[in-house]
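Shown next, in structure tokens, is the structure this report addresses.
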Amino acid sequence: MFQSAGSVKFGKIQIMAENHTFNYGDQSIIYQTIGDGKPLVVLHGWGSSKRVMMPVAKHLSRLRKSYVLDLPGFGESPEPDRGWSIDDYADAVEAFINDLPYEKVDLLVHSFGGRIVLKLLSREFGKSHVDKVLITGGAGMKPKRSMKFYFRKYTAKTLKAPFMVLPGSLREKALSWLRSTSLWKSLGSSEYSELSGVMRETFVRSVTEYLEPCLPDIPHEVLLIWGRNDDATPVYQGQRIEKGIEHAALVIIEDAGHYAFLDKPKQFARIAEAFFK
């Protein structure tokens, strides 16, 4: 484990924190801690990092000692050596929690972190080691798709089809060329096209797994906080999670989007504090 001093500034909030390293096999996971009290593990969303989650951890620092992680492949944590699935991330978070000197922890997660936590909570480990859970803008539900999405999907399949009959090495070279063309890039999201090979595989494995089957197996008290204007994980996805988890409750914050805890920090903090007290 190593430590190095660091400082992060969010508007008027100056947060002093030290980096720590948790070694999960050959994978390093960088995290920071802030506050005192019962442990709270904080997970960020896709393309984000612990830096984005530190302000909400700061708001809760009187009630909780927060462990704010950079998930593998994000922030200061290096990429895994292969494409990871949601189960791989859940395994890593499980190992992190199991290494802490506490019987149980609470969780606060955003977006992609929601995928990981839905998987984790449905496991026996999650049932015995996790207490309260706050999910904001959580992903993992099957989205409603537009005609534009299906047009892009089937156009991509049509473009790939002629290359799939080639022998292995030629097929890979041909598909690599296809992925480099402007036509192919126009069919994918900018988020996807900017990813490395490992994280591109991780992205595909993550967004194509839907976690509705996990919901009935989650016995925890779960608070869902959604921004009314969330266009990444719309409110109907929060409503679906609320319906699927027996002890879940959904709170919607008006005039907030996917990052409700940044759009309405004081309102978000008041709701979170009331839940975690």
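Numbers here simply count residues along the sequence, with the first being 1.
By the side chain to side chain donor-acceptor pair (under 3.5 Å) test, E246 pairs with no residue at all, sequence neighbours left out. Evaluation of the salt bridge (charged side-chain N to carboxylate O under 4.0 Å, His left out) rule for R270 yields no partner, not counting sequence neighbours. In this view, E273 and R62 satisfy the side chain to side chain donor-acceptor pair (under 3.5 Å) rule, not counting sequence neighbours. Under the rule for a side chain to side chain donor-acceptor pair (under 3.5 Å), R205 has no partner lying at least two apart in sequence or in another chain.
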Atom pairs and distances, side-chain donor-acceptor, residues 63-74, under 3.5 Å, sequence neighbours left out:
| unit_1 | atom_1 | unit_2 | atom_2 | d |
| --- | --- | --- | --- | --- |
| R64 | NE | D106 | OD2 | 3.0 |
| R64 | NH1 | F276 | O | 3.3 |
| R64 | NH2 | D106 | OD2 | 3.0 |
| R64 | NH2 | F276 | O | 2.5 |
| Y67 | OH | Y102 | OH | 3.0 |
| D70 | OD1 | K50 | N | 2.7 |
| D70 | OD2 | K50 | NZ | 2.5 |
| D70 | OD2 | E76 | N | 2.8 |

Could you list the donor-acceptor pairs under 3.5 angstrom formed between side-chain atoms of residues 224-235 and any protein atom two or more places apart in sequence or on another chain?
| unit_1 | atom_1 | unit_2 | atom_2 | d |
| --- | --- | --- | --- | --- |
| W226 | NE1 | T233 | O | 2.7 |
| W226 | NE1 | P234 | O | 3.3 |
| R228 | NE | E254 | OE1 | 3.3 |
| R228 | NE | E254 | OE2 | 3.2 |
| R228 | NH2 | E254 | OE2 | 2.9 |
| D230 | OD1 | A232 | N | 2.9 |
| D230 | OD1 | T233 | N | 2.8 |
| D230 | OD1 | H258 | ND1 | 3.1 |
| D230 | OD2 | T233 | OG1 | 2.9 |
| D230 | OD2 | H258 | ND1 | 2.9 |
| T233 | OG1 | G137 | O | 3.1 |
| T233 | OG1 | H258 | ND1 | 3.3 |

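Across all their heavy atoms, N23 and S28 have their closest contact at OD1-OG, 3.5 Å.
Residue pairs meeting the salt bridge (Lys or Arg N to Asp or Glu O under 4.0 Å) criterion with at least one partner in residues 120-140, sequence neighbours excluded, are K38-D131, D87-R123, D91-R123, E94-R123, E124-K127. Residue pairs that meet the salt bridge (Lys or Arg N to Asp or Glu O under 4.0 Å) test with at least one member in residues 214-226, sequence neighbours left out, do not exist here. Judged as a salt bridge (Lys or Arg N to Asp or Glu O under 4.0 Å), not a single pair has a partner in residues 107-117 (not counting sequence neighbours).
Atom NE2 of H59 is separated from atom CE of M54 by 12.0 Å, given to the nearest 0.5 angstrom.
Ring geometry for Y259 against H110 counts as tilted: the plane angle lies between 30° and 60°, on a 0 to 90° scale.
Within a 6.0 Å radius of NZ in K243, no more than 12 heavy atoms belonging to other residues, nucleotides or ligands are found.
For K142 and E212, the salt-bridge test fails: no basic side-chain N is under 4.0 Å from an acidic carboxylate O.
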